[in-house]
Every structure is written in C-alpha cells, then in structure tokens.
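Side chains are part of it too, since the values below use all heavy atoms of this structure and drop only hydrogens, waters and symmetry mates.
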Number of protein chains: 2
Amino acid sequence: MGADTVLSAPPAAAGRRPANRRAQILDAAARRFRRHGYSAASMRDIAGDVGMLAGSLYHHVASKEDLLVAVHEEGIRRISAAVTAALAGVEGPWRRLEAAAAAHLSVLLEGGDYAVVVLRELPRDLPAVRRRLAPLRDAYEDLFRGLVDELPLAAGTPRRHARLMLMGALNWSQSWYRPGGDPPAAIARSFVALLRGTA
Amino acid sequence: MGADTVLSAPPAAAGRRPANRRAQILDAAARRFRRHGYSAASMRDIAGDVGMLAGSLYHHVASKEDLLVAVHEEGIRRISAAVTAALAGVEGPWRRLEAAAAAHLSVLLEGGDYAVVVLRELPRDLPAVRRRLAPLRDAYEDLFRGLVDELPLAAGTPRRHARLMLMGALNWSQSWYRPGGDPPAAIARSFVALLRGTA
DNA sequence: GTCTATAGCAAGATAGAC
DNA sequence: GTCTATCTTGCTATAGAC
C-alpha cells in the first residue's frame, strides 16, 4: 500500500470533514446505550452528541433497533479480534486460555463502550435483535469452548462448567471493576490460576 | 402466637379483600422489571396487571423509582434469608460455602423475579436508587466475604479474587441457565469444587 | 446530508369526584 | 381506594424544504 493512499476512502480533499459520520454515530450510541441503557437512551441525545438533530440520524440508520444491532456487531468484532490476536503464537493450553481471558477482559474493562453494551444491553423484549445477533455470539463462545477442550483436565472434570465458570467470572467483573485496582490481565491470570488449582 | 391471630394484620373481617395490595403491586413490578427492564416497563402495565389504572398506583407507591427500590429490598431480603437458612447447622468451611452458593443460586434461578431484578436492574442513571440500596448490597456481600475468609486456602491465594470469581460465575449463570438442565444446586457444587481444585 | 416541522403516541404523575 | 380526566413531557419516526 502506498503511504498516502487509503483503500475505500472518500476522494482526497483539502479540508474534508465527513470521513465516517456513521462511525461517529455508532460511538455516540454505544456510549449512550452503556450509560443509560438501551431504552432510556434517546435518539435525540445520540444525534446531539454528534452535532445533528434527531431527524438527521435516519439518513444514516434505519431505526433505533438497527443502531443497537450495529453497536453489538462492532463490539463482538472488536472482542473477537483482540482475543484472536492475543492467541497468535502462544503455545500451551493453559497459556492460551490465559492469553484469551486476559484479552477478553482487557477489552471488556478498558476497551470502551462497545464491549460493555454487548454484555449488558441485549433487551429481552427485542427478539428480532436477539435472533440477528445469536450466530455472532455463538461463534465467539465456540472460541472459548475450543480452548477449554484443549486443557489437560482430570478425567471427569466438567469442562462445560469450567468454561461457564471462567466466562461468568470474567463477564461479571465488569460490575465490580474500578480503574486503579488490579489490571484486567492480572485479574484474568488470577481467575485462570484459581481454575487450574495453582493459585 | 395464637393460631388464629396474625401480628400487624388488618382487623379480621369476613370477606376482606385487600390484605396486601402493595405486595401484589410489588409482584407485578418485579415481573415487569425483569421482563422488559426498568425503563421499558410502564406504570400503566404494572397497574393493569393488578387490575387497576395507572393513577391508582400512586395511592400505594410514591413513584416508579420507589417501586424499584422496594423490589430490590424485597429481593435482597429473600436471598439473604435463603442463604442464612441454608447455613444453619452446616459445619466445615467448604461445606458452608457450598451450601451458601447453592442457596444463592437456587433463589437466583428458581426464586422468581425479585432476585433477578436485584442483579440486573440497577440503572446507572438513578444514583439516588443506588445510594439507597448500597448498604443492603454490601451487607449481603459481607456474608460471602466471611465464608471465603474461613476457607483453608494455600498461603498467598488471593481470597478476594476467589470470592469475586465464585460470585461472578454464580451471578452470571442467570444469563445462560435454562430450566431442565443441571439444577442450581449441582451447578453451585460444581463451581465450588472447581474453585477448591477437586472437580 | 442536514434542517424544520410535526405526526402520532406513550410515558410519569396529579387533582378531584365518588 | 379506585376512577376519570388530564397536564406535561418526551419519544421514534417521517415528509419535504434547502
């Protein structure tokens, strides 16, 4: 790639501004969904955050539900990318699980609003949204299922429970974590060690 | 107490109906808060569930926020009562932790709407509600802190992380649990065993 | 691509009759 | 203790000017 060219970018212009209006909208939506919850967040406020009025939003997104789906998709994409990257070149089943857990937790606790929305804002009364997102979430879950399957556990150890315990502990940490305490990677390491029995 | 008298009950009457109108309202609110989330649940629907109109609700509760606080208080009370009862007469630190975890999980997964609301519906943008509930939640947390402190863990084991891991795994289970799978007590036993390193 | 303007509706809460 | 009626406000979404 040439240094000054960007694939699929708008034609170069001296003072071009737009770049990605939609991305700004997604950022604002993720933030509002996280702070106030999906149904308490308003399209007006999201629009205001990016400097437009409510009506103008609908030029970029079809509905509030679509906006929620888009935030989830981006969030899952980011988490998956971080975990996949963290696994590259790491050997040994326990080390791999620890690397994945640390990456998962880092994105969750320090990765911004998208990941938090993915975990907390999937309203029960929007079945259409849940249906659209189910495959993505399942695929991510499979990633950890594979990692746990590789562990050299004592025969009879319930691998499903081990996975659910670790993931539950990691995901729930978002409700007690405060910046300034143990860093995400340390928490993840600790949880994996406790699971391994070598804390 | 005499068999036919009840402390602090309304004066006995042949066909008395009211008994506990407020309790019915709380039940309906807990259900609606759980199903739709606090902000998507409407006072109109809650009123309708108990056969009255929206305005009449305000004879029993001061506001929607008060209703949420009341549901939380009742939920925490139920969970605490179940765990305390489960601990009675149980000896041995691991057995006690397991009993508490099983009781906690049973209420959470099979105890109805109150407990679920306690875990899931504490909106970030209602600081007044959070303030009012903080002491209750902390007191409950202390109960498990005490149980974990009693465990004979290897020196250096991070007890705080052990507690957070277990509680996180238990609390998160509400997002994947489906009736008909492993019963709550079995899940709790499994998690405690994994923590203990004897799965 | 953003604006103005508004349709159409539902929300929380209150006042006063009964 | 419940109802009727309503105030006030906020919401999602659309239509059409610019």
Side-chain angles (χ1 to χ4, degrees), chain A residues 9-11 13 15-33 35-71 117 121 123 125-129 132, chain B residues 9-33 35-71 117 121 123 125-129 132:
Chain A
R16 75 171 190 279
R17 204 108 290 276
N20 237 357
R21 213 79 174 89
R22 186 179 159 94
Q24 299 177 339
I25 292 170
L26 281 193
D27 281 355
R31 192 180 150 103
R32 290 278 175 185
F33 290 162
R35 282 233 184 138
H36 309 286
Y38 171 73
S39 74
S42 82
M43 294 296 266
R44 275 196 228 293
D45 288 342
I46 294 169
D49 290 344
V50 300
M52 56 172 72
L53 295 183
S56 311
L57 269 187
Y58 292 85
H59 187 77
H60 302 274
V61 299
S63 69
K64 195 184 178 186
E65 278 195 24
D66 274 359
L67 199 41
L68 179 63
V69 170
V71 169
V117 170
E121 300 298 332
D125 46 356
L126 296 180
V129 171
R132 287 173 65 181
Chain B
R16 78 169 187 279
R17 205 106 293 276
N20 246 352
R21 212 76 174 92
R22 186 179 158 91
Q24 299 177 343
I25 292 170
L26 282 193
D27 281 354
R31 192 177 148 102
R32 290 278 175 184
F33 290 162
R35 282 234 183 137
H36 308 285
Y38 172 72
S39 73
S42 81
M43 294 295 267
R44 277 174 167 78
D45 287 342
I46 293 169
D49 290 342
V50 300
M52 57 172 70
L53 294 183
S56 310
L57 268 187
Y58 291 86
H59 188 77
H60 303 274
V61 299
S63 68
K64 195 183 177 186
E65 278 195 25
D66 275 358
L67 199 40
L68 178 63
V69 169
V71 170
V117 171
E121 299 297 331
D125 46 357
L126 297 181
V129 172
R132 287 173 66 182

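- Contact annotation: A/S56 does not reach the phosphate of C/dG1 (side-chain N/O to OP1 or OP2, under 4.0 Å).
- Protein atom CG of B/L53 is 15 Å distant from nucleotide atom C1' of C/dA17, rounded to whole Å.
- Atom CZ of B/F33 is separated from atom C1' of C/dA11 by 14 Å (rounded to the nearest Å).
- Set against C/dA13, C/dC3, D/dA13, the side chain of A/K64 has D/dA13 as its closest nucleotide.
- Going from atom CG of B/D45 over to atom C1' of C/dA11 covers 11 Å, rounded to whole Å.
- Neither OP1 nor OP2 of C/dA13 sits under 4.0 Å from any side-chain N or O of B/R44.
- Using a 4.5 Å heavy-atom cutoff, the side chains of A/F33 and A/I46 are in contact.
- Atom C1' of nucleotide D/dG1 and atom CG of B/L57 are separated by 12 Å, given to the nearest angstrom.
- Look at B/H59 and you won't find any side-chain N or O under 4.0 angstrom from OP1 or OP2 of C/dT14.
- Taken to the nearest 0.5 Å, the CG atom of A/L68 stands 9.5 Å off from the CZ atom of A/R132.
- In terms of position on DNA chain C, the residue among B/A40 and A/M52 whose nearest nucleotide sits closer to the 5' end is A/M52.
- Taking only side-chain nitrogens and oxygens, B/S42 comes nearer than 4.0 Å to OP1 or OP2 of C/dA11.
- B/L67 has its CG atom 15 Å from the P atom of C/dA11, to the nearest Å.
- Counting to the nearest Å, the P atom of D/dT14 and the CE atom of A/M43 are 10 Å from each other.
- Between B/R31 and B/D45 there is no salt bridge, since none of the side-chain N atoms of the basic residue sits less than 4.0 Å from a carboxylate O of the acidic one.
- A/R21 places a side-chain heavy atom less than 4.5 Å from the side chain of A/M52.
- Put simply, CD on B/E65 is 18 Å from P on C/dA11, counting in whole angstrom units.
- Between A/Y58 and D/dT14, a side-chain N or O to OP1/OP2 separation shorter than 4.0 Å is absent.
- Remark: B/H60 NE2 to B/L26 CG distance equals 11.0 Å, nearest 0.5 Å.
- One can place CZ of B/R32 at 10 Å from P of C/dA11, the figure rounded to the nearest angstrom.
- Backbone-only contact: B/A41 has heavy atoms under 4.0 Å from sugar-phosphate atoms and none from a base.
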